[in-house]
Peer 1: 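The following block contains the structure, expressed as structure tokens.
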Amino acid sequence: MRDTRHRLPHLHLRPHRSAALAALAALLLALLTPATSAHAAPTGFRVENGRLLEASGNDFVMRGVNHAHTWYADRLDALDHIKAKGANTVRVVLSSGDRWTRNDTADVANVVAQCKRNRLICVLEVHDTTGYGEQSGAVTLSRAADYWIEVRDALVGQEDHVVVNIGNEPYGNTDHTRWTADTKAAIQRLRAAGFDHTLMVDAPNWGQDWAFTMRDNAASVFAADPDANTVFSIHMYGVFDTAAEVSDYLGRFVAAKLPIVVGEFGHDHSDGNPDEDAVLSVTRQLGIGYLGWSWSGNGGGVEYLDMVENFDPDRMTSWGQRLFDGPDGIAATSEEAAVYRSGPGEDTTAPTAPGAPVASAVTSSSVALSWGAATDAVGVTGYDVVRVAGGQETVVASAAGTTATVTGLAADTSYTFAVRARDAAGNRSARSATVTVTTAPGPAAGSCAVGYRVTGEWPGGFQAEVVVRNTGSAAVDGWTLRWTFPAGQRITSLWGGTATQSGAEVSVAAAPYTATIPPSGSVSLGFTGTRSAAGADPTTFSLNGAECSAA
């Protein structure tokens, strides 16, 4: 997906059809079956005869969606919901730190663990390469390779659960012929660095390959991989607006025994009207994987590509309904990876249910929970705290031990929680008994007033000003300001203080030059942030634990 300040609409250029047809006629011979060369023994996923196989030898066909983790790092519960709707794979957006906040080794390891917990195959991609050569700030595939090497510790040993998608849409429409050499070099760098994973490579031309650079050079790129373990990814938006185009492009890869997946596609787009029915039908006929864009959080005019509204699995859009529940969709065609399915000698016994949670340290926005440990034949690896409401449950916290703190709660509100245990094989226990907690009322009014206003906005992002006034008779010497964002908003940089954010909850500690607020005086903060769409502003602020009035 093309992104500037993330999730802007694609603006792909496409050639005249006459030129495209002429190119099609001339280039079939370039897709010859690559010669087999000696390569490393697979330790997980591998490619054989143009098919993606698991370590067990089972054919694996991806059926899943994209999730914008790097912009919504607090929404990993989306993986639970994606799995619950039948997906077997999730493609996770990461950042090398060149254009957005970097996902470090610990975060990548947690993403992988959450994929495994939800029995999903994890395709990890670096988004900072999007539109290189045409998009300001985009980075090279070489830089993406640097990032993968930097976070390698999170990926070693995960070859049967993780596919490494080197870089998202690594060229726009400028200098896209450089894609071939740069892709080969990136693959070889990762192999030299010890990566034994299946690698995935995106097409140029904003992922849509209208000039057929990837199609015509795929055989040589595959042959350049010393492990012969590379899969090609095409993104199908407006360029692929007829069934003939979808069928021809994918069919050529299959005929040449080159592995291909549709790494992104949608039901509509600013650059044309893709034929999503053809994508779903042809991939089923050919046994090719697909990953729809995207679960939630789109902005910049392509909000219609959200599959659920505001990350709520109970508010599916028409696109989500089509992809998950329509003909040839995920529910009808997805098969869980064999690595997660039971078999002789595998652990199929779930842990016992944990003890009922006990609540303590209840505040207006959080509660601490503790529970009795579960037991397991092999070993419990962690626990999920779930909120139970209306017959549904949502994971709100995860822990390695028997305690967790749930944050982001509303004041003076009743919540019901329970706990499930999980083991290394992905087995989950029965739900524990529940505990119902009512959060405390909000803090008492204090001698402060806060004004909040948005001073600028752009697709996917905004800038805001916060003015904190001292309405009391004594100076404030040192302060912490807290508020709760509506869902989907996140601070990226702030001046006037130091911000920390956990989910929707924001805490700002004073900077030395803003720490003192004299009586009747004020200090100003400013920040930039991201959000999925124009949304409501926060309305409740507290200063040093006391609620402030609106300024």
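All values below come from the heavy atoms of this structure, side chains included, with hydrogens, waters and symmetry mates left out. Because the structure is predicted, anything quoted here is derived from the model rather than measured.
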Peer 1: Please report the closest heavy-atom contact between H197 and V162, naming both atoms and the distance.
Peer 2: CD2-O, 3.9 Å
Peer 1: Quick one: do R152 and F195 satisfy side-chain contact (heavy atoms from CB on, under 4.5 Å)? Show the steps, please.
Peer 2: CA-CA 8 Å; R152 179 176 176 270; F195 280 78; 3.8 Å; yes
Peer 1: Counting distance only, does the side-chain N/O of N88 pair as donor-acceptor with the main-chain N or O of R63 below 3.5 Å?
Peer 2: yes
Peer 1: Can you name the one residue among Y290, W293, Y237 that meets side-chain hydrogen bond (donor to acceptor under 3.5 Å, both in side chains) with E264?
Peer 2: Y237
Peer 1: Assess whether a salt bridge exists between E276 and R322, defined as any Lys/Arg side-chain N lying under 4.0 Å from an Asp/Glu carboxylate O.
Peer 2: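 Looking at E276 and R322, the cut-off is not met.
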Peer 1: So which heavy atom on L190 is nearest to which on A145, and how close?
Peer 2: CD2-O, 3.9 Å
Peer 1: Taking all non-hydrogen atoms of both residues into account, name the closest pair between G86 and S334 and its distance.
Peer 2: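 In terms of heavy atoms, the two residues are closest at O-OG, 2.8 Å.
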Peer 1: If you compare all heavy atoms of I82 against all heavy atoms of F324, which two are closest, and at what distance to 0.1 Å?
Peer 2: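 Distance-wise, the nearest heavy atoms are O-CE2, 4.3 Å.
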Peer 1: Under the side-chain contact (heavy atoms from CB on, under 4.5 Å) rule, what do H235 and D202 come out as? Steps first, then yes or no, please.
Peer 2: CA-CA 8 Å; H235 294 180; D202 281 9; 3.2 Å; yes
Peer 1: Is the closest side-chain heavy-atom distance between Y249 and M214 below 4.5 Å?
Peer 2: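 In short, these two side chains touch, coming nearer than 4.5 Å.
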Peer 1: Stepwise, does the side-chain contact (heavy atoms from CB on, under 4.5 Å) test hold for H176 with W206?
Peer 2: CA-CA 9 Å; H176 58 82; W206 299 99; over 6 Å; no
Peer 1: Which pairs with one or both residues in residues 154-164 pass side chain to side chain donor-acceptor pair (under 3.5 Å), sequence neighbours excluded?
Peer 2: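 Residue pairs with at least one partner in residues 154-164: K116-Q158.
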Peer 1: Do the non-hydrogen side-chain atoms of D146 and R189 ever get within less than 4.5 Å of each other?
Peer 2: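 Yes, side chains in contact.
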Peer 1: Please examine the side chains of I166 and V126, heavy atoms only from C-beta on, and report whether any two atoms are closer than 4.5 Å.
Peer 2: no
Peer 1: Is R252 salt-bridged to D209, going by a charged N under 4.0 Å from an acidic O?
Peer 2: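 Here R252 does not pair with D209 in a salt bridge, since their nearest N and O are not under 4.0 Å apart.
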Peer 1: Are the side chains of Y147 and V108 in contact, using a 4.5 Å heavy-atom criterion?
Peer 2: yes
Peer 1: Do N110 and H69 make a side-chain contact, defined as non-hydrogen atoms from C-beta onward lying under 4.5 Å apart?
Peer 2: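 Contact flag for N110/H69 side chains = no.
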Peer 1: Can you check whether H267 and W319 have ring centres sitting under 6.0 Å from each other?
Peer 2: yes
Peer 1: For residues T352 and A421, report the shortest heavy-atom separation together with the two atoms involved.
Peer 2: O-CB, 4.1 Å
Peer 1: Nearest heavy-atom pair of P354 and S432: which atoms, and what distance?
Peer 2: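 That closest heavy-atom pairing would be O-CB, 3.3 Å.
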Peer 1: Using side-chain heavy atoms (C-beta onward) and a distance below 4.5 Å, is F45 in contact with I121?
Peer 2: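 Contact flag for F45/I121 side chains = yes.
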Peer 1: For T230, which of D225, T183, T198 qualifies under side-chain hydrogen bond (donor to acceptor under 3.5 Å, both in side chains)?
Peer 2: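 Single side-chain hydrogen bond (donor to acceptor under 3.5 Å, both in side chains) partner of T230 among D225, T183, T198: D225.
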Peer 1: Go through the structure and list residues passing salt bridge (Lys or Arg N to Asp or Glu O under 4.0 Å) with R387, not counting sequence neighbours.
Peer 2: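 Salt bridge (Lys or Arg N to Asp or Glu O under 4.0 Å) list for R387, sorted by chain: empty.
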Peer 1: In Å and rounded to the nearest 0.5 Å, what is the CG to CE distance from N229 to M200?
Peer 2: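 Answer for the CG-CE pair, N229 versus M200, is 11.0 Å.
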Peer 1: Taking atom types as modelled, find out whether N66 and R91 have a side-chain donor-acceptor pair closer than 3.5 angstrom.
Peer 2: yes
Peer 1: Among side-chain atoms of T213 and T177, is any donor-acceptor pair under 3.5 angstrom?
Peer 2: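 The criterion, which ignores hydrogens and geometry beyond distance, is not satisfied for T177 and T213.
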Peer 1: Run the numbers on D77 and R75 for salt bridge (Lys or Arg N to Asp or Glu O under 4.0 Å), then give the verdict.
Peer 2: CA-CA 5 Å; D77 60 338; R75 302 314 300 254; 3.7 Å; yes
Peer 1: Tell me whether the centres of the aromatic rings in H127 and W71 are closer together than 6.0 Å.
Peer 2: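 Yes; W71 has its ring centre under 6.0 Å from that of H127.
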Peer 1: If the threshold is 4.0 Å, N to carboxylate O, is there a salt bridge linking R46 and D227?
Peer 2: no
Peer 1: Students often mix this up, so state it plainly: with edges at 30° and 60°, are the rings of F253 and F232 parallel, tilted or perpendicular?
Peer 2: tilted
Peer 1: Determine whether T530 and W100 make a side-chain contact, defined as any pair of heavy atoms from C-beta on separated by less than 4.5 Å.
Peer 2: no
Peer 1: Which of these passes side-chain contact (heavy atoms from CB on, under 4.5 Å) with V201: L141, N165, V231, I187?
Peer 2: I187
Peer 1: Between Y383 and W371, does the ring centre distance come in under 6.0 Å?
Peer 2: yes
Peer 1: Classify the side-chain pair W179/N205 by whether it contains a donor and acceptor separated by less than 3.5 Å.
Peer 2: no
Peer 1: Heavy-atom distance under 4.5 Å between the side chains of K85 and M316, does that happen here?
Peer 2: yes
Peer 1: Just do the side-chain contact (heavy atoms from CB on, under 4.5 Å) check on V221 and K184 with the steps written out, would you?
Peer 2: CA-CA 6 Å; V221 170; K184 291 178 180 179; 4.1 Å; yes
Peer 1: Ion pair present between R143 and E150, side-chain N to carboxylate O less than 4.0 angstrom?
Peer 2: yes
Peer 1: By side-chain hydrogen bond (donor to acceptor under 3.5 Å, both in side chains), which residues pair with T317, not counting sequence neighbours?
Peer 2: none
Peer 1: For N103, which of T105, T101, D107 qualifies under side-chain hydrogen bond (donor to acceptor under 3.5 Å, both in side chains)?
Peer 2: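 Of T105, T101, D107, side-chain hydrogen bond (donor to acceptor under 3.5 Å, both in side chains) with N103 is met by D107 alone.
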Peer 1: For residues R191 and Q188, is any side-chain donor paired with an opposing acceptor at under 3.5 Å?
Peer 2: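 Absent: no donor and acceptor within the cut-off.
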